[in-house]
Amino acid sequence: MGLGSSWRVVYESYRKIVEFYERANLLVTFGNVDRWRREAINLFYQLDGKNPLRVLDAGAGPGNMARHIRGQKYVVALDATVEMLRVNDVADDKVVGLFEYMPFRSRCFDVVLAGYSLHAAVDFEKAVAEFSRVAEYQVVVSIGKPDNIIARGLLYFYTKYILPRLACIVAPRGVCDEYGKIFAIVKSQMPNSATKRIIEKYTAGLVFKTRGLGGVYIYVAKSKR
């Protein structure tokens with residue numbers, strides 16, 4: 001499951017917002033965007049305890065997730081958006097591609113990272129299966145959908161009416177309008193409990209947490225062979 005036919009709309013949005021991506025994200029998450037990335041990476045270190053050498057940054061964008069991996073590392077950035085890869089100054093190699101059809105050998109990475117990108121998968125389960133195939137560990141922060149109906153309603157209201165207006169504080173109107181499409185992304189997601197059940201099919205030792213009233217989930221796990 002995923003965005004299906006609306007994926008192209010999301011792709012165009014990422015292409016247009018690249019220049020303002022991190023500033024707008026910082027504002028609309030009330031300063032938590034990087035905090036949640038760091039939390040996911042720290043959970044990984046608690047689970048594995050060592051620095052990974054071979055890192056796949058899936059949906060890498062500017063490389064903000066991979067920046068938090070400590071020590072020596074070789075980073076491959078995968079993104080469907082050429083414009084995002086162009087501004088990525090973290091990766092050693094850059095690959096244009098999709099989560100569901102990764103052009104990599106099985107288990108060629110120590111860890112796959114996905115910072116605010118897995119929600120854009122066309123086929124969520126196939127994407128998670130590919131994560132499990134190519135990497136030993138998975139570290140993900142993504143937009144989710146609360147199971148609680150009240151929290152879901154609040155998130156819908158925020159993403160439809162408030163979030164685009166906040167983005168307009170730091171981005172021109174044409175760009176901040178693209179943030180209005182996050183409402184469509186949230187509505188297209190499965191509830192977090194269903195998302196967790198799919199992840200459990202392909203991982204072991206799963207740590208799954210929600211943040212922002214369930215509008216964001218974090219998971220760290222070891223991939224099943």
Side-chain angles (χ1 to χ4, degrees), residues 1-18 21 37 40-41 44 47-48 50-69 71-143 185 188-190 195 198-204 206 217-225:
M1 296 181 66
L3 289 172
S5 61
S6 64
W7 179 86
R8 179 57 56 180
V9 174
V10 176
Y11 171 85
E12 287 300 319
S13 296
Y14 284 129
R15 185 180 64 81
K16 293 174 183 176
I17 68 175
V18 57
Y21 179 76
R37 290 190 190 107
I41 297 296
F44 164 71
L47 181 66
D48 185 55
K50 63 178 184 293
N51 287 328
L53 296 178
R54 302 166 300 166
V55 178
L56 173 62
D57 195 358
N64 295 316
M65 189 76 169
R67 293 181 203 279
H68 297 296
I69 295 291
Q72 182 180 0
K73 57 187 179 291
Y74 185 86
V75 178
V76 176
L78 176 81
D79 204 291
T81 312
V82 174
E83 288 80 3
M84 284 287 190
L85 288 176
R86 283 178 181 152
V87 299
N88 188 311
D89 59 359
V90 178
D92 298 284
D93 276 318
K94 302 177 183 180
V95 178
V96 176
L98 301 177
F99 297 151
E100 297 85 354
Y101 303 98
M102 291 187 177
F104 308 117
R105 297 188 307 276
S106 297
R107 284 297 193 276
C108 62
F109 296 101
D110 298 315
V111 62
V112 55
L113 313 175
Y116 304 101
S117 58
L118 184 54
H119 51 257
V122 176
D123 185 322
F124 179 84
E125 183 164 356
K126 192 169 184 178
V128 174
E130 277 289 87
F131 283 9
S132 183
R133 181 184 67 81
V134 302
E136 184 177 3
Y137 287 94
Q138 303 175 29
V139 181
V140 175
V141 185
S142 184
I143 292 175
I185 294 175
S188 74
Q189 303 304 303
M190 295 173 287
T195 295
I198 290 177
I199 297 166
E200 287 173 334
K201 292 170 61 175
Y202 299 93
T203 65
L206 174 66
Y217 64 82
I218 296 169
Y219 86 79
V220 179
K222 188 170 184 177
S223 301
K224 289 182 180 177
R225 293 188 178 275

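All residue numbers refer to positions in the sequence shown, counting from 1. Values below: every heavy atom of this structure, side chains too, minus hydrogens, waters and symmetry copies.
Among residues at least two apart or in separate chains, salt bridge (charged side-chain N to carboxylate O under 4.0 Å, His left out) pairs with a member in residues 96-115 are Arg54-Asp110.
For the pair Asn51 and Gly71, the tightest heavy-atom approach, listed with the atom from each and the gap, is ND2-CA, 4.2 Å. For the pair Met84 and Pro62, the tightest heavy-atom approach, listed with the atom from each and the gap, is SD-CD, 3.8 Å. Residues Asn88 and Ala77 share a closest heavy-atom pair of ND2-CB, 3.7 Å. Between Asp57 and Gly63, the closest heavy-atom pair is OD2-CA, 3.9 Å. Minimum interatomic distance between Val90 and Val75 (heavy atoms only, all atoms of both residues): O-CB, 4.3 Å. The shortest heavy-atom contact between Val96 and Ala80 is CG1-O, 4.2 Å.
Here OG1 of Thr195 is found 5.0 Å from CZ of Phe124. Values are rounded to the nearest 0.5 Å. Distance check: Ile198 CD1 to Lys126 NZ gives 14.5 Å after rounding to the nearest 0.5 Å. In this structure, Phe109 CZ and Leu78 CG are separated by 8.5 Å, a value rounded to the nearest 0.5 Å. For the atom pair CG of Asn64 and CZ of Arg37, the computed distance is 4.5 Å after rounding to the nearest 0.5 Å.
Residues meeting the salt bridge (Lys or Arg N to Asp or Glu O under 4.0 Å) test with Lys222, sequence neighbours left out: Glu136. Residues passing the ring-ring contact (aromatic ring centres under 6.0 Å, His included) test with Tyr219, sequence neighbours excluded: none. Residues that satisfy the ring-ring contact (aromatic ring centres under 6.0 Å, His included) test with Tyr202, not counting sequence neighbours, are absent from this structure. Under the salt bridge (Lys or Arg N to Asp or Glu O under 4.0 Å) criterion, Lys201 pairs with Glu125, sequence neighbours left out. Listed by chain and residue number, Tyr74, Val76 satisfy the side-chain contact (heavy atoms from CB on, under 4.5 Å) test with Asp93 (two or more places apart in sequence, or in another chain).
Phe131 has its side chain out of reach of Leu56: every pair of non-hydrogen atoms, C-beta onward, lies at least 4.5 Å apart. Considering only heavy atoms from C-beta on, Glu130 stays 4.5 Å or farther from Val112 through its side chain. Side-chain contact between His68 and Leu113 is absent, with no heavy-atom pair separated by less than 4.5 Å. Ile41 is listed as a side-chain neighbour of Met65, based on a closest heavy-atom distance under 4.5 Å. With contacts defined as side-chain heavy-atom distances shorter than 4.5 Å, the pair Asp89/Arg67 qualifies.
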Start with the C-alpha gap between Val122 and Tyr101, add the side-chain angles, then the distance that decides, and say whether side chain to side chain contact (heavy atoms under 4.5 Å, CB included) holds. CA-CA 11 Å; Val122 176; Tyr101 303 98; over 6 Å; no
Ile199/Leu206 under side chain to side chain contact (heavy atoms under 4.5 Å, CB included): CA gap, chis, key distance, verdict: CA-CA 8 Å; Ile199 297 166; Leu206 174 66; 3.8 Å; yes
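Remark: side-chain polar atoms of Arg133 are paired, donor with acceptor, to backbone N or O of Phe104 under 3.5 angstrom. The main-chain N or O of Ala58 is found under 3.5 Å from a side-chain atom of Ser117 such that the two form a donor-acceptor pair. The backbone N or O of Ile143 sits less than 3.5 Å from a side-chain atom of His119, completing a donor-acceptor pair. A donor-acceptor contact shorter than 3.5 Å is absent between the side chain of Ser132 and the backbone of Ser223.
Between Arg86 and Asp79 there is no salt bridge, since none of the side-chain N atoms of the basic residue sits less than 4.0 Å from a carboxylate O of the acidic one.
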